[in-house]
Trainee: 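Encoded as structure tokens, here's the structure I'll be asking about.
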Amino acid sequence: MGMGGGVPRPGTCSRAGDRPMSGYLSASELAELVGCQANQRSIMARWLDTNAWKWERGRNGLPRVARAYHDKRMGISDGKAAAAQGSRLKNEPNLDAFACVGKDRARSRLQTGR
């Protein structure tokens, strides 16, 4: 089998030129979030500070934002988190919450004479 199509190896990306996804946002992802160019590190850092994002400065001066933190802040969840949350929630309504509603109405009718 040649170097052509096929299934990518684990830990690799499917398109040529893509790098494996790391635990941190890439410079281009961070630039897209901030709204600047990928080489404007001081603008990125200022935006992250202004918007109260947690970040660290990398060896090359690029702000490093954890991908999991980004996803949490942006309201993005993967299937695992959504499935875990769904399994904790009941699938049926809490009918006990409505138990006193009828009693309160009957009591108010008795008090007003209706």
Trainee: Does the R41 side chain pair with the main chain of P63, one donor and one acceptor, at a distance under 3.5 Å?
Mentor: no
Trainee: Linking I/L/V/M/F/W/Y whenever their side-chain heavy atoms sit closer than 4.5 Å, directly or via other members, would V34 and L25 fall into one cluster?
Mentor: yes
Trainee: Can you name the closest pair of heavy atoms from L62 and A27 and give their distance?
Mentor: CD2-CB, 3.8 Å
Trainee: Return the CZ to NZ distance between R73 and K54, rounded to the nearest 0.5 Å.
Mentor: 9.0 Å
Trainee: Where do G58 and R64 come nearest, in terms of heavy atoms and distance?
Mentor: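 Reported closest heavy-atom pair: CA-CD, 3.6 Å.
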Trainee: Of all the heavy-atom pairs spanning S22 and R67, show the shortest one and how long it is.
Mentor: O-NE, 2.9 Å
Trainee: With a 6.0 Å cut-off on ring centres, are W53 and Y69 close enough?
Mentor: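 Between W53 and Y69, the centre distance is under 6.0 Å.
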Trainee: Kindly indicate, with the supporting measurements, whether the criterion side-chain contact (heavy atoms from CB on, under 4.5 Å) is fulfilled by W55 and D49.
Mentor: CA-CA 9 Å; W55 64 279; D49 286 338; 2.9 Å; yes
Trainee: What about V65 and Y24, same hydrophobic cluster or not, with Ile/Leu/Val/Met/Phe/Trp/Tyr joined at side-chain heavy-atom distances under 4.5 Å?
Mentor: no
Trainee: Could you pull out all residues at least two apart from S42 that satisfy side chain to side chain donor-acceptor pair (under 3.5 Å)?
Mentor: none
Trainee: Should M74 and L48 be regarded as members of a common hydrophobic cluster, given that ILVMFWY residues are connected when their side-chain heavy atoms come within less than 4.5 Å of each other, either directly or indirectly?
Mentor: yes
